Number of protein chains: 2
Amino acid sequence: MPRQRGWWKRRLRGRGCRLTVPRQAILELLSKSSEHLSAEDIYFKVKKIYPAIGLTTVYRTLELLVNMGVVSKFDFGDGRARYELAANSEDEENHHHHLICTSCGKVINYTDFVNQEKELIEKTENKLATKYNFEINNHQIQFYGICPNCKK
Amino acid sequence: MPRQRGWWKRRLRGRGCRLTVPRQAILELLSKSSEHLSAEDIYFKVKKIYPAIGLTTVYRTLELLVNMGVVSKFDFGDGRARYELAANSEDEENHHHHLICTSCGKVINYTDFVNQEKELIEKTENKLATKYNFEINNHQIQFYGICPNCKK
DNA sequence: TTTGCTATTGAAAATCATTTTCATAAACAT
DNA sequence: ATGTTTATGAAAATGATTTTCAATAGCAAA
Ligand SMILES: [Mn+2]
Ligand SMILES: [Mn+2]
Ligand SMILES: [Zn+2]
Ligand SMILES: [Zn+2]
């Protein structure tokens, strides 16, 4: 059982990356937030705890974490990337799909998959992997529509 | 049975939009291309047939067509939006999902859905529509991985 | 602990896709 | 044909993300 705190430290070190204060501050923040934060959102929030942080570092750290698979990056069409933790701890995954309002931009996470959903995705992955000789390691699914508020 | 050519003319006019030369040139091009074109790609290609075209107009036209549902806009993570015709004619749909190489950016369309795929998506749509009171009218699915070329 | 190497940082400047502005031109209802 | 808009294109503005570069801080080794 991995420790609840700092499970990413080994991951960083394992990659030969240094365990710096800004990186820890960013990860600390992300693990407490559930929203879909932009780089700037993260910058301002981290700044409250660690005022020396630079926006550049936020971008660089996010890129690193995305490459490591620790953070997921999304584009919901409003011109800025959104980030969120891909996993809540070493083993616990945080995988979900999105429901997006094309009118106001509201984004909803949904994890209550239809029973067959997971298994179908796996099946599809396998089929695609075979047919196109791809090594598939991730996917995104999003539904677009009009939210209750914008319907009125 | 709608005419093969110019089925979008009525659609534009139906919206109270004018049927201009630039718009027709852009639609003409899109209907001949199968790739995932950026606004700039489209700009240069259209320029060959209609040299007076402006990049601004390309952006504006694409936005209009996306709002009309005639064109689909995608973000494959390379910093520029990609566009393609959402339908090849009045009734014929061109819906498909994507397989994206995270190493070189190669994008593959796939339409050979697993049998249950379509029906599951509908089922999921209905479930989400009910649960979150959303009016769902579109979706995107993409799988990320490493393409044959990048594996080597 | 101290040292030395090198990855990392932050500020400022640069990039670059997309948007806005604005004067002119083209659609099209009449 | 005419007049009213809508649409266009050039140029400038915007704004998110990247690059540059000198200074700093992690950390492996002594
Ligand atoms: Mn999410
Ligand atoms: Mn496609
Ligand atoms: Zn909404
Ligand atoms: Zn590739």
Side-chain angles (χ1 to χ4, degrees), chain A residues 6 8-29 36-68 70-71 73-83 105, chain B residues 6 8-29 36-68 70-71 73-83 105:
Chain A
W8 51 68
K9 296 187 180 178
R10 3 173 144 166
R11 281 241 218 165
L12 279 169
R13 303 289 13 257
R15 267 215 163 196
C17 291
R18 291 183 181 174
L19 198 56
T20 68
V21 175
R23 283 176 182 166
Q24 294 185 72
I26 290 168
L27 276 162
E28 197 64 39
L29 173 75
H36 303 95
L37 302 170
S38 67
E40 206 185 22
D41 290 338
I42 294 166
Y43 169 64
F44 284 122
K45 294 203 180 211
V46 170
K47 215 168 168 54
K48 287 180 183 168
I49 335 173
Y50 182 70
I53 192 80
L55 181 55
T56 309
T57 299
V58 173
Y59 275 107
R60 276 187 296 230
T61 301
L62 289 170
E63 188 191 7
L64 173 68
L65 296 174
V66 168
N67 287 336
M68 288 174 60
V70 172
V71 163
K73 181 180 182 178
F74 297 98
D75 168 60
F76 296 132
D78 67 339
R80 53 185 59 189
R82 302 279 166 173
Y83 302 86
Chain B
W8 51 67
K9 295 185 181 179
R10 6 174 144 163
R11 282 241 217 163
L12 279 170
R13 302 285 21 253
R15 267 215 164 198
C17 292
R18 294 182 180 174
L19 199 57
T20 67
V21 176
R23 283 175 183 167
Q24 293 185 73
I26 290 168
L27 276 162
E28 198 63 41
L29 172 75
H36 302 96
L37 303 170
S38 67
E40 206 185 21
D41 290 338
I42 294 167
Y43 170 66
F44 284 123
K45 295 205 181 208
V46 170
K47 216 170 167 55
K48 288 180 184 166
I49 335 172
Y50 183 71
I53 192 81
L55 180 54
T56 309
T57 299
V58 173
Y59 275 107
R60 276 188 294 230
T61 301
L62 289 171
E63 188 190 6
L64 173 68
L65 296 174
V66 167
N67 286 336
M68 289 173 59
V70 171
V71 163
K73 180 180 183 179
F74 297 98
D75 168 60
F76 297 132
D78 68 339
R80 54 185 60 191
R82 303 280 166 172
Y83 302 85

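Quick note on labels: first sequence line is chain A, next is B, and so on, each numbered from 1. Only a predicted model underlies this, so the values are computations on that prediction, with no experimental measurement involved.
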Side chain of [X] (C-beta onward), nearest among [options]:
| X | options | result |
| --- | --- | --- |
| A:Arg18 | C:dT9, D:dA16, D:dC27 | D:dC27 |
| B:Leu19 | C:dT18, C:dC28, D:dT17 | C:dC28 |
| B:Thr61 | C:dT20, D:dG15, D:dT8 | D:dT8 |

Gap between atoms [atom1] and [atom2], on [X] and [N] respectively (whole Å):
| X | N | atom1 | atom2 | value |
| --- | --- | --- | --- | --- |
| A:Lys47 | C:dG10 | NZ | C1' | 10 Å |
| B:Arg15 | D:dT6 | CZ | P | 15 Å |
| B:Glu40 | C:dT15 | CD | P | 16 Å |
| B:Gln24 | D:dA7 | CD | C1' | 13 Å |
| B:Leu55 | C:dT18 | CG | P | 9 Å |
| B:Ile42 | C:dA17 | CD1 | P | 14 Å |
| A:Arg60 | D:dT17 | CZ | C1' | 12 Å |
| A:Ile26 | C:dT9 | CD1 | P | 8 Å |

Checking all strands, does B:Tyr43 fall into the base, sugar-phosphate, or nothing category for heavy-atom contacts under 4.0 angstrom?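 The answer is nothing, as B:Tyr43 stays clear of every strand by at least 4.0 Å.
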
Quick one: does [X]'s side chain get under 4.5 Å of [Y]'s, heavy atoms only?
| X | Y | value |
| --- | --- | --- |
| A:Val66 | A:Glu63 | no |
| A:Glu28 | A:Ile49 | no |
| B:Leu27 | B:Val70 | yes |
| A:Ile42 | A:Leu62 | yes |

Can you find a side chain N or O atom of [X] that sits less than 4.0 Å from OP1 or OP2 on [N]?
| X | N | result |
| --- | --- | --- |
| B:Thr20 | D:dA7 | no |
| A:Arg13 | D:dC27 | yes |
| B:Tyr59 | C:dT19 | no |

Should the side chain of A:Arg23 and the base of D:dG26 be counted as holding a donor-acceptor pair, with the cut-off at 3.5 Å?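 Result: no qualifying N/O pair found.
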
Test item: A:Arg82 side-chain N/O and A:His36 main-chain N/O as donor-acceptor pair under 3.5 Å: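 Answer holds: yes.
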
For B:Pro22 and A:Gly16, take the nucleotide of DNA chain C holding the closest heavy atom to each; which residue's nucleotide lies nearer the 5' end?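 Of the two residues, A:Gly16 wins.
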
